[in-house]
Structure formats: structure tokens, C-alpha cells
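Each remark here refers to the structure printed beneath this line.
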Protein chains: 2
Amino acid sequence: MANASAAQRLHEDLNLIINTADPGEQLPSEPVLAQQLGVSRATLREAMRTFETQGLISRRQGIGTFVLRPANVIESGLEVLESIESQAQSIGLPVNFGELDMVCRPAKAGEAEALGLGEGEKITQISRVILAEERPVAYLIDTLPVQVLTCDEIEADFSGSVLDLLLKRGDPALVSSRCEINAVAASSDIARMLNLQRGDALLRFVSSLYDLSGKVVDYSLSYFIPGYFRFHVVRQVVGL
Amino acid sequence: MANASAAQRLHEDLNLIINTADPGEQLPSEPVLAQQLGVSRATLREAMRTFETQGLISRRQGIGTFVLRPANVIESGLEVLESIESQAQSIGLPVNFGELDMVCRPAKAGEAEALGLGEGEKITQISRVILAEERPVAYLIDTLPVQVLTCDEIEADFSGSVLDLLLKRGDPALVSSRCEINAVAASSDIARMLNLQRGDALLRFVSSLYDLSGKVVDYSLSYFIPGYFRFHVVRQVVGL
DNA sequence: CAGTGGTCTAGACCACACG
DNA sequence: GTGTGGTCTAGACCACTGA
């Protein structure tokens, strides 16, 4: 026990380097840093993963690795459904979105089932990366029936949040959302968009948003970088 | 786009192999399998991670890699606090624990703060791996003031759940728990205990359990292997 | 172009299980 | 001992950025 692997020692070394560095500072290149720390580049990269998901460093291909100033954390209770944008606004955090991808197409089998539609019925799908203080912090995919939301409506007025758009419109009348929570490893695609390494740990919400009639009006996948969020929930104790 | 990396293609290949194999079947050794699939061992191991956290394969050092039968999922709403043991029992899933580690020692700074104690006051700490159907599915660490729970009491009667023990005793009167949810990469230690690879994505709960007087009676860290759990929560929509 | 991070390979050595 | 998975290394090649 207490058998310090190279990875563990390296983690501490990196911790020191990153905490000592000034925000904005560029670290030595990976080959150089690996040699300085006496490990291979593969091991160094492995150790750097944690610091990335904690929002402490940013690595940009073709440019370099940079130390970030401590991140502002978006804190949120899970009992109520509120958009990231709305939460960020309430703590004065500037948030916008990038890499918006919007399509209108027939629903695939899984999508149709999640939305209570027939396969092939038209859906609107919106994917985007959420940026807080210019840093990618989450990747969101919303899927809705076109009857609920069309691409035109999004182009006309989109703040980054489908929820806020629907609430502003006031129709359909939204009631609640059922949200499944899990941890996943970042795929290549998602890692690239969030500027992470593939395999990094992400928090994933799979949510179904219901209207007054009990219909699903929005099925969404949300990927959050751990270091930028603090989700909590109060759980009631039930007797034996 | 749709640029299939080696890792992505490999993921599909492995998916086919694993789904085709019978439960209990042993896969070829890593060097052999890597050659068969035309990738390096490092890439193969990387691709296998996902299947491990999904509970589809088990790798045991010195023995081999085995295909598991599909896992039973423990489903749980987060609104109420219930032990894994209790949840598993209600769906007829056999659960026990292993690797129990129990200590009684002075609180470190962070622990003292979490429990509202002075630094150095005695605490009881219980760590154990939870096994469902003989498979490790979670790693739990509970920290309590000795005034609330002593090691002797645990040795006398421990089912794997501190919550159940306190409820059974009926004192102190438990009210609710505040739980923070995040995703983390498995450390070497935790990976070993859960029979995973270091760096695998885990779901982590950090919880404080309160009694009637508002005091924290249990501070706990819980690590869950994603494939064995489905946590959900209903979120209410609040108007603009 | 040169320099960066992103990916992948081949191979070494270790720790562990089993005969 | 042999054979397995766990860890780490050195180095190659690619994709991207910015001068």
C-alpha cells in the first residue's frame, strides 16, 4: 500500500507546477516537460487529464498548454430545472455558445421512442458547446418534434438554451423534467468539442422534458466538464 | 467529420466480439487480441475501458479477461435517501460487501470541517467495496464522529450500509442528506478495488447526512461504476 | 515553414494467479 | 515456472496553429 506509482508522483509534481504558475502562463511543450519530470510523454498526458477536467489547464493543438485562472463554478440544485444560462446569469458569469449545429430530419428509432413519435416523423435537433468565460464547459444536444420547435424559430432567437426559448414563448406549458445522471468517458468527438482528451470523465444528464399533457417535448443529452459545475440534491430519509 | 479513428473502429469490433461471446467466456489475451484486431495493446486496452465501466467485461490480473452476463441495474430516485443494500433487496439482487476497512482516529482538517468538529476529535471511518452478484459495483467511505458510531458497533452488526445501521438503531433521528454529484476519473487505488482501469469514469456522490438538530452525523464519499446504476431525479420547471 | 498537441505503435518490465 | 493483465517508455506520424 501507499505504493506511489509514477502517475501518482507525477500528479503531485504537476499540481505544484500548475499552482505555482501564473494564470495565463504557458507550460513547456509536452516532450520538454516530460523530460524535465523524468517520465514519458504518454504518462505525462495521462496525468494532465485530471487537471483539464478540473478546469485548471487548457491544451490547444498547435499552440500549447496554458494554466487557467481558477474557474467559477456553476452551482445548481437538481430539484428545479433551470438553464445553465439562467444560472450563470444569476451569479454574473458571462456565458455564450459556439459550434451551433442545427438539423431538421426524420427521427431515428431511439429518438422516436424517446419523444413518443413514430419512426421517421420530423424532429429538430440542436447541438452546441456552452462557453463560460470563453471556456467550453458543457455540450448539449436537444431533440424536439418539429411541431414543438422549428429551425426557423431557433435562428430567429436563440440564447443557447432551448428551455429558456420554450419558457419565453410560453407554449407548450412545461411542467417537469426527468433526468438520468451518469458518468461517461468522453468520446473523440465530444472531447474535441470540449477541448479535452478522449476518455476524460464527464457528467452526463439524459433528460426528458414533459408538458402539461404528459407528452415529451424535449429529449436532451447534456455533457458537463466536472470542474465547472457543482450539482447537488437534498435527499429525504425514509424510515425502515 | 465521421473520421473513424482507430479507437472508434476498435470500439465497434470489440462490441461485436463481446456481444457474440457467451457469458463467462474468456477473451484471448491482450497481445493476441491486439494482433488479431490489428492495433497495439495500448489502443486495445484504451478501448476496453468503456466495456468495463458498463459491466460487460471483467479483467483479472494474472487470469484473463472475461465476458460477463448483462448486469442488473440498480435504479434509484435521488429524492429519497435509501441504501444500495435496501434498493437491491427490493429488486431481489444479492448484495454484500468486501474489503471492509475500519479505523477510529483523530479527524483531519477537512473531515473535521465537514462534520462540524474540532480538528483532532475522534472519528470513525468505514470503507468498503459493494458487490452486487459478486461483482464490485461501488466503493463507499463513511466518516462519522465516534459519538455517533463506534467501531465496536460496526463489528457487532454491519450489513454494508451505515445508513441502515443508524436507521435500525433509531438514534440519532435522521432527517435528510445533502448530496453533491460529479464525475471523476478512477485513481489507482479505487481502480484496483473496483477492478477497473485507472482513469475510468466513475460517478461520485459527496454527501452530508443531517439529524434533527441540523448536525452532520455522517460525511460520505461514494463511487459508483456507471454501468450498474441508474440514478434519476425529477426536476420542476420554474417560470421565467 | 517550425512547433505544438493528438494518436498510435512496439516493446519492456512488473505484479499477480495458478500449476 | 508460464501466462495473464498493469504500467511505463521511446519514438513515430498526423493535424493543427501561427509566423
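By convention in this document, chain letters (A, B, ...) are assigned in the order of the sequence lines, proteins followed by strands, and residues within each chain are numbered from 1. Note that this is a predicted model, so its numbers are computed, not measured.
The distance from atom CG of Leu10(A) to atom P of dT7(D) is 14 Å, rounded to the nearest whole Å. Rounded to whole Å, the distance from CE on Met48(B) to P on dC8(C) is 16 Å. Between the P atom of dT9(D) and the CG atom of Leu33(A) lies a distance of 13 Å, rounded to the nearest Å. What separates CG of Leu44(A) from C1' of dT7(D) is a distance of 16 Å, to the nearest Å. In this entry the distance linking CZ of Phe66(B) with C1' of dG5(D) reads 11 Å, nearest Å. Remark: P of dG6(D) and CG of Asp189(B) are 15 Å apart, rounded to the nearest angstrom. In this structure, the NE2 atom of His11(B) is 14 Å from the P atom of dC8(C), given to the nearest Å. Remark: C1' of dG3(D) and CD of Glu30(B) are 12 Å apart, rounded to the nearest angstrom.
For Thr65(A) and dG5(C), the shortest distance from a side-chain N or O to OP1 or OP2 is below 4.0 Å. Phosphate contact (OP1/OP2 of dG6(C), side-chain N/O of Arg59(A), threshold under 4.0 Å): present. The phosphate of dG5(C) (OP1 or OP2) has no side-chain N or O of Arg49(A) nearer than 4.0 angstrom. The side chain of Arg192(B) contributes no N or O atom lying less than 4.0 Å from OP1 or OP2 of dT7(D). Thr43(B) has a side-chain polar atom (N or O) that falls below the 4.0 Å cut-off from OP1 or OP2 of dT9(C).
Closest-nucleotide positions on DNA chain D for Ser188(B) and Val32(B) were compared, and the one nearer the 5' end corresponds to Val32(B). Along DNA chain D, the nucleotide nearest to Arg198(B) and the one nearest to Arg60(B) differ in position, and the one closer to the 5' end is contacted by Arg60(B).
For Ser187(A) against Arg198(A), the heavy-atom pair with the smallest separation is C-CG, 4.3 Å.
A donor-acceptor pair under 3.5 Å is absent between the side-chain atoms of Glu111(B) and the main chain of Tyr219(B), judged by distance alone. Using modelled atom types, no side-chain atom of Thr53(A) and backbone atom of Ala201(A) make a donor-acceptor pair closer than 3.5 Å. Of the possible donor and acceptor atoms, one in the side chain of Arg128(A) sits under 3.5 Å from a partner among the backbone N and O of Gly160(A). Side-chain atoms of Ser177(B) do not come within 3.5 Å of backbone N or O of Ser207(B) as any donor-acceptor pair.
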With the criterion being N/O to N/O and under 3.5 Å, what pairs connect the protein with nucleotides 10-13 of chain C, and how long is each?
{"from": "dA12(C)", "atom 1": "N6", "to": "Arg41(B)", "atom 2": "NH1", "distance (Å)": "3.3"}

Report all interatomic pairs (protein N or O, nucleotide N or O of nucleotides 15-19 of chain C) with separations under 3.5 Å.
{"from": "dA15(C)", "atom 1": "N3", "to": "Gln61(B)", "atom 2": "NE2", "distance (Å)": "2.9"}

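Arg45(B) comes within contact range of at least one nucleobase, with a heavy-atom separation under 4.0 Å. At a threshold of 4.0 angstrom between heavy atoms, the contacts of Gly38(A) are confined to the sugar-phosphate backbone, with no base atom among them.
For Arg41(B), the salt bridge (charged side-chain N to carboxylate O under 4.0 Å, His left out) test picks out Glu30(B), with sequence neighbours left out.
Side chain to side chain, Asp164(A) and Ser83(A) meet the donor-acceptor criterion of an N or O pair below 3.5 Å.
Partner Glu52(B) forms a salt bridge (charged side-chain N to carboxylate O under 4.0 Å, His left out) with one of Arg59(B), Arg45(B), Arg135(B) and no other, that one being Arg59(B).
Summarising the local packing, CD of Glu25(B) is surrounded by more than 12 heavy atoms from other residues, nucleotides or ligands at distances under 6.0 Å. Counting heavy atoms of neighbouring residues, nucleotides and ligands inside a 6.0 Å radius, atom CD of Glu113(B) does not exceed 12 of them.
Taking only side-chain atoms of Ser29(A), from C-beta outward, the nucleotide of dG5(C), dC8(C), dG5(D) with the closest atom is dG5(C).
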